[in-house]
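Have a look at the structure below before the remarks.
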Amino acid sequence: MSFPLLTATAALPAIGAIATAAVPAAQRVAAKWLALLVSLATLVLAAIVLVRFDPGGNRYQLTESHAWIKDFGVRYELGVDGIGVALVALTALLIPFVILAGWHDADPQETGSRRWRPTQGFFALILGVEAMVIISFEATDVFLFYIFFEAMLIPMYFLIGGFGDRAHEHGDDAAATQRSYAAVKFLLYNLVGGLIMLAAVIGLYVVAGNFSLQEIVQARANGSLHMATSTERWLFLGFFFAFAVKAPLWPLHTWLPNAMGEATAPVAVLITAVVDKVGTFAMLRFCLQLFPEASKWATPVILVLALISIIYGALLAVGQRDIKRLVAYASISHFGFIILGIFAMTSQGQSGATLYMVNHGISTAALMLVAGFLISRRGSRLIADYGGVQKVAPVLAGTFLIGGLATLSLPGLAPFVSEFLVLVGAFERYPAVGIVATFGIVLAALYTLVLYQRTMTGPVKAEVAEMPDLRVRELLVVAPLIALLIFLGVYPKPVTDIVNPAVQQTMSDVHKTDPKPEVEAAK
């Protein structure tokens, strides 16, 4: 029996979470180092998974399958395709930076009525989320996926509600109330989506007799499993609703600005760069593969919702006064591009969407973490409280600018390639949709450059005159992310080579081929 590499990649952070939580209360620093070392070891395992994955091989590789709940046909089945392995690598890559960036976010602090914060719990919860997200990207049993899709909400709830942003313009009590509101809203929205999905999962079992993704897809392909059109559409809607909440897609997005605004910057990165990717990933893996005809039936409506997300999120980002909420609305716009690429039903669109998931994770992590360093120095999230920062902290301002330029998809930085592919894929099949989506790029340039201008340029405000530049720990967080943005912007081939075969197989599942270009014959 070969070594269960996929299980180990998810189990290591889970075991690390338990060990970190068990560290004695007085050993806060030891808990931090333990969490960091576990995250680095998980990154090594994810790198081994990436190296062992053969893009030209079987669709699902490094597979594991064991009986679990025999009476209900539930199996412990894991496997990664090119899309899953890229997102496992992204998750494992970002968690060490999240831990380093949040090194002091849960340090004991008692001012007036403020309670002590359990450092061990903070880092244990981060590792717990990592474990659940990784196994969600690996699961090929629908019921197994559902369990961890829902379970990750619990540690995220405590990270948002129990470890909120200390840089808040309100008093402690008001800040605690807003954190609680954001955490409860996050939990309720996602629980409702999950409960609807559970009904669809049960319906799928009634129709198919098992929960194995591979077996169901194969049975549908060879004609041994027939699903009535109305049944397929209802099941698709149950799955898609849950994934659209997680993604988040308009109008199910309203929990995200609250959650990101009230969470610490590292937890905000965990939300939008890691957890939310499970939603868009699941659209590719489960919606399109299990329900190909229903996916095509719903495409026109989903494309309209994606366009609204792109424009609506960008417009609200332009008008924000709060730095973190601006990044949150920008992310809603970016997720609109990802969903647009998925349901454009072209290979360029889906390759761009998958690449966008990776690049958005890196670019949002870079921008949000630098913004978090900025906010921790000034003690305010309001854009109006800044000015002239580039004159007193040029390295901080420079990294903030690069993160912002990546957000607006500047050529030469990683998100440009993915956004370009999404737009090309959309133009191929839906030219009008591609034209409207292009306005999102213009708005992205507006909110990004206005944010930089108002915070970093102009006269130096008295409150930022003594602001220190990035420290060594902070540079260790930001520098690798900036380097990755540049590298993947210039040379995205390592990622596209991995994801493209999986995209082609997904296109085959929905019986779609790329439109042939209409070229007028030369006269």
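Of all the heavy atoms in Ile323 and Leu451, the pair that sits closest is CG1-CD1, 4.2 Å. Minimum interatomic distance between Phe122 and Gly102 (heavy atoms only, all atoms of both residues): CE2-O, 3.8 Å. Contact between Ala397 and Tyr452 at its shortest, heavy atoms only, is O-CE1, 3.5 Å. Taking each heavy atom of Phe137 and Arg285 in turn, the nearest pair found is O-NH1, 3.2 Å. Closest approach of Thr42 and Pro13 over heavy atoms only: OG1-CD, 3.5 Å.
Other residues, nucleotides and ligands place more than 12 heavy atoms under 6.0 Å from the CZ atom of Arg378. Other residues, nucleotides and ligands contribute over 12 non-hydrogen atoms within 6.0 Å of the CH2 atom of Trp103.
Rounding to the nearest 0.5 Å gives a distance of 8.5 Å between CE of Met357 and CZ of Phe281. The distance from the OG1 atom of Thr9 to the CD atom of Glu138 is 5.5 Å, given to the nearest 0.5 Å. Here His334 contributes atom NE2 and Asn359 contributes atom CG; the two are 11.0 Å apart, rounded to the nearest 0.5 Å. The line from CG of Leu355 to NE2 of His360 is 13.0 Å long, rounded to the nearest 0.5 Å.
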Open item on the list: Between Phe186 and Tyr157, is the ring pair (Phe, Tyr, Trp, His ring centres under 6.0 Å) condition met? List the steps.
Closed with: CA-CA 7 Å; Phe186 162 82; Tyr157 168 80; 8.1 Å; no
TODO: Evaluate the side-chain contact (heavy atoms from CB on, under 4.5 Å) criterion for residues Glu130 and Leu127: first the C-alpha distance (whole Å), next the side-chain angles of each, then the deciding distance (0.1 Å), finally the verdict.
DONE: CA-CA 5 Å; Glu130 179 182 22; Leu127 290 176; 3.7 Å; yes
- [ ] Report the C-alpha distance between Gln320 and Tyr329 in whole Å, list the side-chain angles of each, state the deciding distance to 0.1 Å, and finish with yes or no for side chain to side chain donor-acceptor pair (under 3.5 Å).
- [x] CA-CA 9 Å; Gln320 287 304 305; Tyr329 280 109; 4.8 Å; no
- [ ] With ring pair (Phe, Tyr, Trp, His ring centres under 6.0 Å) as the test, would you mind laying out the steps for His253 and Tyr312 before giving the verdict?
- [x] CA-CA 11 Å; His253 67 285; Tyr312 174 83; 5.2 Å; yes
- [ ] Take Trp250 and Val304, measure what side-chain contact (heavy atoms from CB on, under 4.5 Å) needs, and give me the verdict at the end.
- [x] CA-CA 10 Å; Trp250 184 92; Val304 171; over 6 Å; no
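Side-chain N or O atoms of Ser333 include one that pairs as donor or acceptor with a backbone N or O of Ile310 at under 3.5 Å. Panel note: side chain Ser363, backbone Ala406; no donor-acceptor pair is recorded below 3.5 Å.
Judged by the 6.0 Å and 45° rule, Lys246 forms a cation-pi pair with Phe149.
Note on Arg381 versus Glu262: salt bridge recorded, some NZ/NE/NH1/NH2 to OD/OE distance being below 4.0 Å.
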